Amino acid sequence: MSDPYAQDDYLIRRKILTIFGAKFHVYDSAGQVILFSRQKAFKLKEDIRVYSDDTEKEERLLIKARQIIDFSAAYDVIDARSGAKIGALRRKGFSSLIRDSWEFLDVSDRTIGTILEDSTFMALLRRFLTNLIPQSYHAKAGETDVAKYRQNFNPFVYKLRVHLEPGAREKIDPQLILAGGILLAAVEGRQK
Amino acid sequence: MSEEVAVSCPCGGRFQVPASLKGGLANCPACGKATPVRGGWEPLFWLLLSIGVALVLGISAALWAAAGAAAAGIALGVGAVVLTAIVLAC
């Protein structure tokens with residue numbers, strides 16, 4: 001099986017008609033399902049599993065929240081094959097009141113990158129006027145762009161495009177970048 | 001100096017991690033696997049749960065006065081099941 005993390009472009013699509021726990025399909029640029037993600041239901045601490053496909057036989061990533069209720073929630077990302085943690089993502093609570101803001105963290109909780117909603121003006125429009133305006137985010141490692149996340153305009157089905165910039169893999173693990181997309185879809189997308 | 005927390009891995013390894021990792025996972029230097037870091041207590045969660053318990057008791061008492069013991073018992077039972085499920089889901 002080809003490496004799902006070798007792609008530069010992904011589409012994360014929320015499955016509709018899910019009763020317990022959100023489900024997401026991750027597609028490559030050819031429209032093939034390369035990963036399948038499911039939020040575990042009835043868990044107060046967010047627990048998201050990423051599998052090779054929707055048979056859920058092979059687990060690839062685990063994304064687990066550290067706290068039940070946390071204004072600045074942190075989520076550890078674990079490579080299910082090796083059992084090792086590869087990093088974490090932390091939502092900046094106060095900043096996200098105005099403009100969604102996340103941090104990429106390494107295994108020792110040092111900040112190695114950021115994810116920021118496109119602009120304060122658009123963020124305020126979404127919060128005060130209408131949440132139909134699609135969201136987009138920029139991910140950076142220092143001053144270097146590593147990825148873009150763009151929500152498609154679709155009031156019925158949540159879709160998020162993830163694009164890795166050239167050289168992104170040398171800065172941040174692509175599994176972490178993709179986990180960021182899944183968290184944006186699961187956490188920020190839940191606010192729709 | 002930042003606060004650190006001691007972690008014991010099932011493989012036998014013991015190591016220190018930053019306190020920010022409480023409730024999360026850290027890689028054991030001995031075996032390389034992600035190991036749970038014991039979490040701090042979460043005051044906000046326990047406060048909300050306490051409010052929930054108080055509400056269940058209050059509603060049961062009100063139902064007892066208004067509709068009798070059976071209604072109060074049902075409310076208490078349903079409340080107890082819901083609160084227990086919340087605690088178990090942690």
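Keep in mind the model is a prediction, meaning the values are calculated, not measured. Residue numbers begin at 1 in each chain, while the letters A, B, ... track the order of the sequences.
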Heavy-atom pair with the smallest gap, counting every atom of B/Pro18 and A/Ser108: CG-O, 4.0 Å
Backbone of B/Val37 reached by a side-chain donor or acceptor of A/Arg66 within 3.5 Å: no
Most contacts with chain B, counted as non-hydrogen pairs under 4.5 angstrom, among A/Ile86, A/Leu105, A/Asp76: A/Asp76
Nearest heavy atoms of B/Leu21 and A/Lys85, plus distance in Å: CD2-NZ, 3.0 Å
Toward chain B, the part of A/Ala88 with a non-hydrogen atom under 4.5 Å: neither
For A/Ala30, side chain to side chain contact (heavy atoms under 4.5 Å, CB included) partners two or more places apart: A/Asp28, A/Gln32
ILVMFWY network linking A/Leu61 to A/Leu183, side-chain heavy atoms under 4.5 angstrom: yes
Side chain to side chain contact (heavy atoms under 4.5 Å, CB included) partners of A/Phe153, counting only residues at least two apart: A/Leu132, A/Pro134, A/Pro155
Nearest atoms (heavy-atom pairs only) where A/Ala84 meets B/Gly32: CB-O, 3.3 Å
Smallest separation among heavy atoms of B/Lys22 and A/Gln67, with atom names: O-NE2, 3.3 Å
A/Ile112 with A/Trp102, same ILVMFWY side-chain cluster at under 4.5 Å: yes
Common cluster, A/Leu160/A/Ile34, ILVMFWY with side-chain heavy-atom separation under 4.5 Å: yes
Single-linkage hydrophobic cluster, 4.5 Å side-chain cutoff, B/Val17 and A/Ile78 together: no
